[in-house]
Each structure stands twice: as C-alpha cells, then as structure tokens.
Number of protein chains: 2
Amino acid sequence: MYKVLRKHLERVIEISDQEFDEFCSLLVLRKLRRKELLIRPGDRVTSEFYVVSGCLQAFHTSENGDQSILQFGIEDWWVSDFEAFFNDTPARLSVSCIEDSTVLELNKEMLEELYKRIPKFERFFRIKLTKAFVALYSRIQNGLEKNSTTRYLEFCETYPHIEQRVPNYKIASYLGIKPESLSRIRKELAEKEASINKA
Amino acid sequence: MYKVLRKHLERVIEISDQEFDEFCSLLVLRKLRRKELLIRPGDRVTSEFYVVSGCLQAFHTSENGDQSILQFGIEDWWVSDFEAFFNDTPARLSVSCIEDSTVLELNKEMLEELYKRIPKFERFFRIKLTKAFVALYSRIQNGLEKNSTTRYLEFCETYPHIEQRVPNYKIASYLGIKPESLSRIRKELAEKEASINKA
C-alpha cells in the first residue's frame, strides 16, 4: 500500500526513505464501508484523504434532495471538500463511499508543520494543486466547448474503468447531463465500435 | 505602482527590500489598449499577468462565435489562460482588454528559477493558487446551489464596482445567465433598495 503512495510522491519529487517515513507517520489509515459518510455538510474539514482502494464521491445535495457529483475519488486520488478544507469554512459537500474503501487521512495542521521541516513537500502539494486547478479550469472550459460525447470519453480517460464501478446516473450527474442522454451516448459509441469490428 | 504589488505580496509572505527587488526584476511592464489581445487561441502561454490598472477578460469563443467569459482581471488580480500556462498546451482562451490596461508580465521559467533562489515565493504562489482553486471550486458549487440573484451579489463582492465598468452582457456571460435575466435581477434589487430607503 505504501509502495503505491511512494510512487505517487516520486512522480513529482525525489524523497529519501527517512523523508517518506516522516510523511507516512502523519497519515491515519481508515477503512470505510460502502455508503459510509466521511464528510457531512456543516462539518469542519481538517483533512484530505488519499484513496488507497475503493471509490468515493464528493457531492452536493440541493434543498429538494437532488444530488450533483463534483468529484469521484478512486485509487491514487485525493478527495475532500476542498473549499472547506482550504478556507476553514463549514463543509457544503458530502463525501461518501461508493464501494468499501481504504483511505489515508492527512491532517492540514500536521502538513503545514511538515512543510517547515521538509520544504519539498510544499513543492509536491503545490504541483498537485496546480494539476487540480487546471483540471477544474479545463472542466469549466470543456463544458463550454465540447459536446457530451467528447466529455464522456475524456471522463473515461480521467477515471479509467470507473464506468464499470459507478452507476450510470452518477456519471451523468458528474457530466451535468441527463441519465437518458448518457445511455444514448453509450449506445451510439457501442454501435460505432461494433461496426468498426465488423469492417 | 510597485507599492501596491509589494502589499499584494506582503499579505501572504514577509519579504526584504532585496527580495522584492529581485522579484520586480523579473517583471515586464506592458501598457495595453482597450480591445488589445494579450492571448489568442493556439498561442503558447509562458506568462501570467498581474493587473496594475484597467480591466481584462479571459473568454472562450465557440465555433459559431459566441463568447463565454471565464474570468475578469481587475486591479490586483492575476490573469492568463491558466490551463495553457500550467500545462504547456496551446491556449484555448483569448485574453483581451476591456479598458486601457497596465499589466506586469511574469515569465514561468524565470519564476521557477526564482523559487530555487528564494523558496518563499514558491510559498506565495502556492497560497495564491490555493485561493484560485477554491474560487473555481466554489463557483462550480454555487452554480449548483445558489440562485442567480445570490450569485450576482457575490460576484459584485468579488469584483467591486465592476458592474460600472463592464457591459451587462459580459457579466451575464460570466454568471452563465441570459442578459435579460441579469437586467431583471438588477431591477428587482434596485426596487428593493428603493423601498428600504423609503421606509
């Protein structure tokens, strides 16, 4: 488990065994059950979570109970309510498990302390944050620019194999389209593939 | 002009005169005319721009010529096509001036070099990026959660007095609503204010 995490860090920074041990000493291993809630609206959010296994969702619930999914968290991703986490404001989102999941919890204050002791971790999280920022920025742009089919295909690239793990209506919610539209898109893509295989 | 920039930095980090001078030595002053384009779709984007005065917009143009505004840049803000800037991909946005503007151009490679010499600037830009990330994240959440009137009022807080500087249809575009809806919202708010003043 920690091997994957080390790889995750070393894609961005070089670290020694001792530095890695120090980072790991901050983490709390949590085993969660399917449907378990990790964050509730109104919570104070002092941690972010590295997904070791399983699948989580961060979603917003409207007054009439409709849920809109902002983020999925699969293996090797970080999840939280990032607005609440960074701004120290009450959570507006829920984060819950779509599957039984194992996460490593990282506390914000402990991380700030670590930045002082080993500044390269500040570098790591700056670069991760840059990627997350660009991903959100692109998502807004894609909504303006690309049709639903293109956005679905890009989604499948971003979250490999997730379409086998997450119900249709949740993916539609993330993409901001109706479940019927997603079914139509999938059918069209399957027909296209079939006709290519036939040819 | 550099006094405002120094304050901008010192809201986040403490810096010496020498460190400030070194930061300023990286900046290129650019005076731009109204309607001038700073970034075009397809451009390689190697800089971000600190707005000293004036007002800029980052926008997407669809195939049929419709423009959608992603960001305004007023005094004390940074603008760019951040996807292209961080990812080294061709620009998908345009950035242009709504008013005559003065900006300070900061080159990415030079900034990376500065991080190595004075790591506290890495801290500054990590914290700025965190705020930008949260702002985008909140914007997506607000779109799910809040009605157009609330979003307009929050927009006016984020960009003080911008409604006197930017045409109605551009603000509507930023908020993702029709210009007619924004006119109606403004009228309702004005009537509300008038009735409060009368009472």
Query raised in the report: Taking the six-membered ring for Trp, are the ring centroids of A/Trp77 and A/Tyr50 within less than 6.0 Å of each other?
Result: no
Report task. Using a strict cut-off of less than 4.0 Å between a Lys/Arg side-chain nitrogen and an Asp/Glu carboxylate oxygen, indicate whether A/Asp76 and A/Arg11 qualify as a salt bridge. Result -> yes
Counting only non-hydrogen atoms closer than 4.5 Å, does [X] touch chain B with its backbone (N, CA, C, O), its side chain (CB onward), both, or neither?
X        : result
A/Lys128 : neither
A/Leu70  : side chain
A/Asp81  : both

Does any heavy atom of chain A fall under 4.5 Å from the side chain of [X], the backbone, both, or neither of them?
X        : result
B/Arg123 : both
B/Lys120 : neither
B/Ile140 : side chain
B/Phe85  : neither

Query raised in the report: Once the angle between the rings of A/Tyr2 and A/Phe20 is folded into 0 to 90°, is it parallel (under 30°), tilted (30 to 60°) or perpendicular (over 60°)?
Result: perpendicular
Query raised in the report: In this structure, are over 12 heavy atoms from other groups packed under 6.0 Å from A/Glu193 atom CD?
Result: no
**Report entry** Contact leader toward chain A among B/Ala132, B/Ser62, B/Gly176, B/Ala135, where contacts are heavy-atom pairs under 4.5 Å
**Finding:** B/Ala132
Exercise: do [X] and [Y] side chains pair donor with acceptor under 3.5 Å:
X        : Y        : value
A/Tyr159 : A/Arg165 : no
A/Thr61  : A/Asp66  : no
B/Gln57  : B/Ser96  : yes

Query - Option that, when pairs with chain B are counted at under 4.5 Å, heavy atom only, ranks first among A/Ile127, A/Asn87, A/Leu129 - result: A/Leu129
